[in-house]
Amino acid sequence: MNTAVQLLFRRSLPSLPWTRQVRAGLLPLFAAHLRLSSTGLFLLPSALSLRLPPDPFALPAAINACAALPNSLPVGRQLHAISLVSGISADPFISTSLVHMYLKCAALPDAHRVFDETPQRSVAVWSAMIAGNAARGRASEAFQLLDQMRSSGTQPNLITFNGLLVGLNRSGRPDKTLPLLQRMHSEGFELDSVAVSSALSAAGDLEDVTAGCQIHGYANKTRLEAYASVASALLDMYGKCSRAEEMLRVFDALASPDVASRSALLAGLSRNGRVDDALAAFAEFRAQGAELNVVCWNSMVACCSQNGKDMEALELFRQMQSAGEEPNAVTIPCLLPACGNVAALMHGKSAHCFSLRQGIIVDVYVASSLVDMYAKCGRITDARVVFDAMPKRNVVTWNAIIGGYAMHGLANDAIEMFVSMKRHRQKPDTVTFICLLSACSQAGLTEEGEHFFDEMQNEHGIDAAVVHYACIVSLLGRAGRLDEAHELIRKMRNEADSCVWGALLSACRVHGNVALAEVATKRLFELEPTNAGNYVLLSNIYASKGMLDEVERVREMMNAMGVKKNPGCSWIEIRNKVHMLLAGDKSHPQMSNISEKLERLGAEMKRLGYRPSINLVFQDVEEQDKEYILCGHSEKLAVALGLVSTPAGTSLRVIKNLRICGDCHATIKFISMVEGREILVRDTNRYHQFKGGSCSCGDYW
DNA sequence: GTAGGGTTAG
């Protein structure tokens with residue numbers, strides 16, 4: 001269609017006489033086409049070069065096309081110049097669309113200049129100014145303009161107010177939306193579907209379910225509920241206010257739900273943790289052949305990647321493409337967390353290529369999620385390359401790179417980036433300091449960590465949250481200052497949670513402090529009685545001290561509580577395919593090769609004097625079996641699979657869902673030496689880079 | 001025949 005229209009213009013325009021009729025017939029078509037398609041801007045220069053006579057009827061539409069399409073400010077300026085030289089710039093329609101266009105393109109001074117130079121200010125040009133200023137985050141200017149408008153004798157209408165409402169919502173000021181709605185109501189405006197949709201959207205953002213219900217009542221009374229935009233805004237509001245049941249009731253009552261309503265429902269279910277319901281609803285929509293769009297697909301991909309269903313997210317993305325739904329700039333940040341979680345580097349790379357091809361790499365969300373993905377996939381250098389190439393960054397971007405360095409144990413790089421961040425005048429937030437402090441604690445930079453903890457509170461006015469305390473506890477703990485760490489927990493203003501006590505417990509394991517470990521676990525068993533990790537850690541500490549009766553006691557306690565150990569799970573990507581290995585699982589088709597490889601390595605290690613750490617085995621079985629269980633740990637299986645499936649010398653990347661076990665750590669160090677391989681293992685905390693028999697964590701984790 | 005306001009995904 002677009003190409004056809006283009007050809008029509010190319011062929012017919014030069015030969016047509018420029019009669020009033022031709023203009024009248026073609027220009028609106030041209031303008032409508034501009035507004036609809038990204039090829040519009042391609043058409044515009046050719047139309048200009050045809051010496052298209054400036055037309056006060058067509059210019060506004062062309063100017064609006066510039067407002068709607070990205071990167072078209074230069075063309076918009078050109079159209080502005082044309083209106084100036086042809087003496088029609090004072091036309092109220094033209095100046096209104098110019099104001100609108102400049103505000104949409106973030107050229108505020110230009111918008112204000114055009115507005116100031118408009119002698120006869122229509123309601124429309126005032127409305128454009130007010131809406132545009134509000135949407136650009138200049139709420140107080142917008143309200144001032146509204147007052148000026150009135151005192152200059154022009155009365156605002158419903159469109160003026162609605163524009164202000166929408167602008168306030170968009171610029172993150174939903175708190176100002178509801179009072180404005182009240183004011184409109186008391187000034188006697190009959191609210192329409194736009195006003196009600198915006199109000200619902202604000203109520204949702206504020207999680208103000210009382211206001212939301214009131215507006216719902218109003219919409220019901222006035223029959224505005226029947227409007228599609230009101231329906232989807234209602235679903236969105238209930239979803240954001242954690243009223244999933246009410247949301248489902250609204251959806252079921254819809255006579256004919258549209259795509260936006262379906263999308264709002266899917267997003268709402270996902271947001272409320274009802275992942276399976278969202279997947280079921282999505283499957284049902286597909287089975288019905290109901291219309292779905294890229295927003296629905298993106299919601300579902302995000303739903304999976306945010307809820308531990310990473311493989312499902314990758315699969316949905318594949319299905320999305322085979323269903324002919326073109327991914328967009330939002331799809332990438334929905335998908336990439338899943339790639340990062342399971343280290344699906346090839347999928348992540350292809351998303352990177354896609355972003356380059358589509359020109360969406362300049363989107364700060366897209367590039368930030370790429371930085372994060374590369375870091376999580378063990379490619380910190382690639383993360384840095386993407387970071388350096390970004391034209392614009394935000395706090396999330398900086399946090400991604402600092403957190404990436406932290407995860408790789410590269411604390412000095414993390415600190416360097418933090419310094420650079422401040423030089424770029426980017427304000428750090430609470431996440432920045434979590435990344436920075438954990439970098440210091442991973443690398444044992446105790447003094448630096450303490451310094452940043454003070455800097456956070458004194459220079460940046462950020463209150464220490466519980467997670468920051470947890471970082472400091474591991475920092476002190478790593479340095480062996482366990483009593484200080486314990487003291488800090490006692491002095492904390494906030495209530496210490498399981499992260500804080502867990503950090504202390506981990507430090508106790510490293511330094512073999514049984515007494516303090518018992519203090520920490522006492523609290524942990526109260527705070528999270530069903531977390532198997534705490535029992536296992538305590539048992540490991542006892543085991544390392546040979547306190548086998550205590551080990552037995554912990555196991556009994558765990559059984560009594562009905563706590564089951566989380567199955568260990570590792571992922572490795574081999575030639576585009578992500579393989580998942582569960583501890584003790586024999587189902588992988590390559591299992592005989594894996595076992596054979598592990599046996600051969602085990603024999604070699606024993607010959608060199610290595611003894612398997614059978615005391616780390618938690619299960620109550622014979623010694624022989626303990627050794628066998630250790631060999632079945634998922635990270636060993638994944639490494640062995642990598643060894644037998646890739647050429648010698650290739651580096652391997654394994655992701656694990658739990659903390660790496662001591663025996664596996666020792667074994668993989670050994671493997672990295674005898675096999676001459678670099679092996680990266682990411683556990684819940686960080687990357688371990690095994691090379692030539694040692695690990696980048698310095699045996700502290 | 002032309003201008004100003006619409007809901008859903010990161």
Side-chain angles (χ1 to χ4, degrees), chain A residues 20-21 23-29 31-32 55-64 67 88 91-101 103-104 118 121-132 134-135 156-170 191-201 204 224 227-237 239-240 257-268 270-271 292-303 305-306 327-337 360 363-366 368-369 372 396:
Chain A
R20 199 177 164 75
Q21 285 79 8
R23 245 180 13 224
L26 279 179
L27 286 177
L29 177 60
D55 183 308
F57 287 95
L59 263 181
I63 295 167
N64 280 340
I88 54 172
D91 179 277
F93 290 86
I94 292 179
S95 49
T96 301
S97 43
L98 281 172
V99 166
H100 173 70
M101 183 271 295
L103 284 164
K104 273 268 154 84
T118 303
R121 289 175 185 165
S122 61
V123 188
V125 78
W126 279 106
S127 302
M129 275 300 276
I130 291 168
N157 60 19
L158 186 61
I159 294 184
T160 317
F161 276 105
N162 284 346
L164 184 51
L165 286 177
V166 170
L168 291 169
N169 277 348
R170 287 214 183 123
L191 304 182
D192 68 356
S193 65
V194 177
V196 169
S197 308
S198 313
L200 286 168
S201 162
L224 289 168
Y227 284 80
S229 72
V230 174
S232 52
L234 257 179
L235 295 164
D236 176 60
M237 182 276 291
K240 285 182 176 151
D258 67 341
V259 206
S261 294
R262 279 183 212 113
S263 160
L265 179 81
L266 296 171
S270 162
R271 177 176 287 127
L292 295 167
N293 63 10
V294 65
V295 181
C296 301
W297 282 98
N298 288 350
S299 288
M300 293 316 296
V301 173
C303 174
S305 66
Q306 288 164 2
N328 65 10
V330 179
T331 317
I332 304 304
C334 293
L335 174 73
L336 285 176
I360 54 172
D363 182 305
V364 65
Y365 289 96
V366 169
S368 300
S369 60
D372 183 63
V396 178

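All heavy atoms count here, side chains included; hydrogens, waters and symmetry mates do not. Every chain is numbered from 1, with letters handed out A, B, ... down the list of sequences.
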Any base atoms under 4.0 Å from Val166(A), or only sugar-phosphate, or nothing? Heavy atoms, all strands.
sugar-phosphate

Would you call Phe57(A) stacked on dT2(B), i.e. ring centres under 5.5 Å apart with the planes less than 30° off parallel?
no

In whole Å, I'd like the distance from the CG atom of Leu335(A) to the C1' atom of dG10(B).
12 Å

Please state whether the phosphate of dG4(B), meaning OP1 or OP2, lies under 4.0 angstrom from any side-chain nitrogen or oxygen of Asn64(A).
yes

Is any N or O donor-acceptor pair between the side chain of Ser232(A) and the base of dT7(B) shorter than 3.5 Å?
yes

For Asn169(A) and dT8(B), give me the distance from atom CG to atom C1', rounded to whole Å.
14 Å

Closest heavy-atom pair, Ser127(A) versus Thr160(A), reported as atoms and distance to 0.1 Å, is OG-OG1, 2.9 Å

Tell me the interatomic distance from Met101(A), atom CE, to dA3(B), atom P, rounded to whole angstroms.
15 Å

Is the shortest side-chain N/O distance from Arg271(A) to OP1 or OP2 of dA9(B) below 4.0 Å?
yes

Is there a donor N/O on one and an acceptor N/O on the other, under 3.5 Å, for the side chain of Asp363(A) and the base of dG10(B)?
yes

Please report the distance, rounded to the nearest Å, between CG in Leu191(A) and C1' in dG5(B).
13 Å

Euclidean distance, atom CG of residue Asn298(A) to atom C1' of dA9(B) [Å, nearest integer]:
5 Å

Between the base of dA3(B) and the side chain of Thr96(A), is there a donor-acceptor distance below 3.5 Å?
yes

Any base atoms under 4.0 Å from Ser193(A), or only sugar-phosphate, or nothing? Heavy atoms, all strands.
base

Which whole-number value in Å describes the distance from Arg121(A) CZ to dG4(B) P?
18 Å

When rounded to whole Å, the CZ to C1' distance for the pair Arg262(A) and dA9(B) reads 16 Å

Closest listed nucleotide, where the reference is the side chain of Leu158(A) and the choices are dG5(B), dG10(B), dG4(B):
dG5(B)

Counterpart residues, side chain to side chain donor-acceptor pair (under 3.5 Å), relative to Ser97(A) (two or more places apart)
none

Closest to side chain of Ala264(A), choosing from dT8(B), dT2(B), dG4(B)
dT8(B)

Can you give the donor-acceptor pairs under 3.5 Å from side chains of residues 292-299 of chain A to other protein atoms, not counting sequence neighbours?
from      : atom 1 : to        : atom 2 : distance (Å)
Asn293(A) : OD1    : Val295(A) : N      : 3.1
Asn293(A) : OD1    : Cys296(A) : N      : 3.1
Asn298(A) : OD1    : Thr331(A) : OG1    : 2.8
Asn298(A) : ND2    : Val294(A) : O      : 3.4
Asn298(A) : ND2    : Asn328(A) : OD1    : 3.2
Ser299(A) : OG     : Val295(A) : O      : 3.1

Determine the contact category for Ala329(A): base if any of its heavy atoms lies under 4.0 Å from a base atom, sugar-phosphate if only primed atoms, P, OP1 or OP2 are that close, otherwise nothing.
base

Once you apply a heavy-atom cut-off of 4.0 Å, does Val123(A) come out as touching a base, just sugar-phosphate, or nothing?
base

Determine whether a donor-acceptor pair (one donor, one acceptor, N or O, separation below 3.5 Å) exists between the side chain of Asn328(A) and the base of dA9(B).
yes

Taking all non-hydrogen atoms of both residues into account, name the closest pair between Val366(A) and Leu336(A) and its distance.
O-CD1, 4.4 Å

Heavy-atom closest pair, residues Ala134(A) and Leu164(A)
CB-CD1, 3.7 Å

Whole Å only: how far is the OH atom of Tyr227(A) from the C1' atom of dG6(B)?
12 Å

Beyond-backbone contact of Asp192(A) with Asn162(A), side-chain heavy atoms, under 4.5 angstrom:
yes

For the side chain of Ser197(A) and the base of dG6(B), is some donor closer than 3.5 Å to an acceptor across the two?
no

Please determine whether any donor N or O and acceptor N or O are separated by less than 3.5 Å between the side chain of Asn157(A) and the base of dG4(B).
yes

Measure from the side-chain heavy atoms of Tyr365(A) and tell me the nearest of dA3(B), dG10(B), dA9(B).
dG10(B)

Indicate, with a heavy-atom threshold strictly under 4.0 Å, whether Ser122(A) touches base, sugar-phosphate, or nothing.
base

